[in-house]
2 protein chains.
Amino acid sequence: MTVPSGRRERKKAATRQKIADTALRLFLERGYDAVGIRDVAAEADVAVTTLFSHFASKEALVFERDDDFEQRLTQAATGRAPHEPLIPALRREIQALVRHCTADSAAPIWRLIDESPALREYEESMRLRHAESLATAIAADPGLPQTTTACRTIARFAIDAYSLAREAADPEAAVDEIFQMIEAAWAVTCPTRRA
Amino acid sequence: MTVPSGRRERKKAATRQKIADTALRLFLERGYDAVGIRDVAAEADVAVTTLFSHFASKEALVFERDDDFEQRLTQAATGRAPHEPLIPALRREIQALVRHCTADSAAPIWRLIDESPALREYEESMRLRHAESLATAIAADPGLPQTTTACRTIARFAIDAYSLAREAADPEAAVDEIFQMIEAAWAVTCPTRRA
DNA sequence: AACATAACACTAACCGTTAGGGTTTAAGAA
DNA sequence: TTCTTAAACCCTAACGGTTAGTGTTATGTT
């Protein structure tokens, strides 16, 4: 089984994209609850079963790019410059992510999410997955002597910062405020060391 | 509308309890996914619509007592002894809650939850609700000069402690470890003050 | 060319949930 | 007591997300 990047892969990706685009458009036009899976499938000109072979659930249609989020997060931890401390690197990335999703262009999508309990719940459990990935990435760093619990805790805290900041009146200031707290929390886990 | 604690209320509570008990029994006997709402309703001898007038969803049947959890949490914050600092009070309560749900008698229920994605997801969003309640309770304390963001952050962190500790190899040690971090995080939000 | 299989389609169903509309019964007013 | 109101409950039917079963097409491989 060689690297298959041929027509088949391109077609599959195109189908997936068409479904996602159609879904988002319909959701924004008519509202999430007012659009059924059968509507999306019909408008994207695919069978319902095809739709579900690309997306695990209706909610997943809205969070199509969540892999990016996870990757950026873990990259911020594992791919940082040598000797750059962990927390500031996380802070920078989360600041960027918050800026990205509080931008005006993203507002309609987040309004969609905020108004649908199903989407909010889905996003919450997505965040836990992200926190777990981040925790694994942090724990994998041999330069950090922290316990597993400490790593998982800091990962959760970082995701909390993202989530809380997004809802705050001044998101960027909130990130800074919360990361001061996280910095302090992290400091107590490495007994004798300067920042 | 006077205090109505009459026969009607008792019957209603009895019905609710019978449904919850029946549901839990069936779930433990056959597994959460293998038992349908119609099964539970039939076994409890009520109509499906009645079941849903007592519980908002199938998952809610399992977390019947979640109000208790929320109350204990907010009580720990608002009802603590005068001049008792917030964080130790929270730590005590969460330690107790963790002990309570890692007890052997609770093991089958938590196995049920762990094995069902739907239940896990539900519990996650429940925790967020609890965190919000706790945040409100903390913010209502006039003795605490913290910002809203700081209060919401600490509330989240406390809930994280509960959630992470439950999954840790040594839950009680994990609570202690995480609360040292929380204590530090809280300390930086009240500039010049002793513990 | 022949084959294996990934991607897709169609139908029908399952299951949680809700709407619509009716019956009983407790609680309070007359 | 009797009457009235509304809460609690019941039943049927449906809606909408999701999946199983089965078949078709098109792509990459031998």
Side-chain angles (χ1 to χ4, degrees), chain A residues 1-20 22-24 26-27 30-64 112 116-123 125, chain B residues 1-20 22-24 26-27 30-64 112 116-123 125:
Chain A
M1 211 193 273
T2 59
V3 202
S5 93
R7 186 172 316 173
R8 183 173 273 176
E9 272 216 334
R10 263 181 295 116
K11 283 199 174 183
K12 180 173 184 178
T15 301
R16 181 194 156 89
Q17 199 57 46
K18 183 172 185 184
I19 295 170
T22 303
L24 194 54
L26 292 184
F27 290 157
R30 308 183 206 161
Y32 182 74
D33 290 325
V35 177
I37 283 290
R38 292 162 177 90
D39 299 331
V40 176
E43 185 87 4
D45 199 29
V46 296
V48 171
T49 43
T50 300
L51 188 155
F52 277 108
S53 77
H54 286 274
F55 298 92
S57 68
K58 186 185 182 186
E59 295 92 56
L61 288 166
V62 174
F63 296 96
E64 192 225 342
L112 198 70
S116 160
L119 288 176
R120 291 182 67 95
E121 187 161 338
Y122 185 85
E123 201 227 336
S125 78
Chain B
M1 213 196 274
T2 60
V3 203
S5 95
R7 184 172 317 170
R8 185 171 271 176
E9 271 215 335
R10 265 182 291 115
K11 283 200 174 182
K12 180 173 182 177
T15 302
R16 181 195 158 89
Q17 200 57 47
K18 183 171 185 185
I19 295 171
T22 303
L24 194 54
L26 292 184
F27 291 158
R30 309 184 205 159
Y32 182 74
D33 290 325
V35 177
I37 283 290
R38 292 162 178 89
D39 299 331
V40 176
E43 185 87 4
D45 199 28
V46 297
V48 170
T49 43
T50 301
L51 188 155
F52 277 109
S53 78
H54 285 276
F55 298 93
S57 67
K58 185 184 182 187
E59 294 92 52
L61 288 166
V62 174
F63 296 96
E64 191 223 342
L112 197 71
S116 160
L119 288 176
R120 293 182 64 96
E121 188 162 338
Y122 185 85
E123 200 227 337
S125 78

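Note that these values count all heavy atoms, side chains included, but never hydrogens, waters or copies made by symmetry. Below, read A as the first sequence line, B as the second, and so on, with proteins coming before strands; counting in each chain starts at 1.
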A:T15 side chain near C:dC8 phosphate (N/O to OP1/OP2, under 4.0 Å): yes

Residue-phosphate contact under 4.0 Å: B:T50 side-chain N/O, D:dC10 OP1/OP2: yes

Euclidean distance, atom CD1 of residue A:I19 to atom P of C:dC8 [Å, nearest integer]: 7 Å

Sugar-phosphate, base or nothing in reach of B:D45, heavy atoms under 4.0 Å: sugar-phosphate

Donor-acceptor pair under 3.5 Å, A:R10 side chain vs D:dT27 base: no

Contact nearer the 5' end of DNA chain C, comparing B:A56 with A:R16: A:R16

Rounded distance [0.5 Å steps], NZ in B:K18 versus CG in B:L51: 12.5 Å

Short side-chain N/O contact to C:dA7 OP1/OP2 from A:H54, under 4.0 Å: no

Rounded distance (Å) that lies between atom P of D:dA7 and atom NZ of B:K12: 9 Å

Quiz item: B:S53 side-chain donor-acceptor pair to D:dC9 base, under 3.5 Å: no

Whole angstrom value for the distance that separates C1' of C:dT17 from CG of B:L61: 13 Å

Donor-acceptor pair present, A:R7 side chain and D:dG28 base, under 3.5 Å: no

Whole angstrom value for the distance that separates C1' of C:dC14 from CZ of B:R38: 8 Å

Atom pair distance, as rounded to whole Å: CD in A:E59 and P in D:dG17: 9 Å

Sugar-phosphate, base or nothing in reach of B:V40, heavy atoms under 4.0 Å: nothing

Interatomic distance, A:L61 atom CG to A:T22 atom OG1 [nearest 0.5 angstrom]: 10.0 Å

Distance below 4.0 Å between B:K11 side-chain N/O and C:dA26 OP1 or OP2: yes

Touch class at under 4.0 angstrom, heavy-atom based, for A:V48 against every strand present: base

Rounded distance (nearest 0.5 Å) linking atom OG1 of B:T15 with atom NE2 of B:H54: 5.0 Å

B:K58 side-chain N/O to B:Y32 backbone N/O, donor-acceptor pair under 3.5 Å: yes

A:R16 side, atom CZ; A:E64 side, atom CD - distance, nearest 0.5 Å: 5.0 Å

Length of the line joining A:L51:CG and C:dC10:P, which is rounded to integer Å: 14 Å

Separation of D:dT19 P from A:I37 CD1 (nearest whole Å): 10 Å

Whole-Å distance separating the CZ atom of A:R8 from the P atom of C:dA4: 14 Å

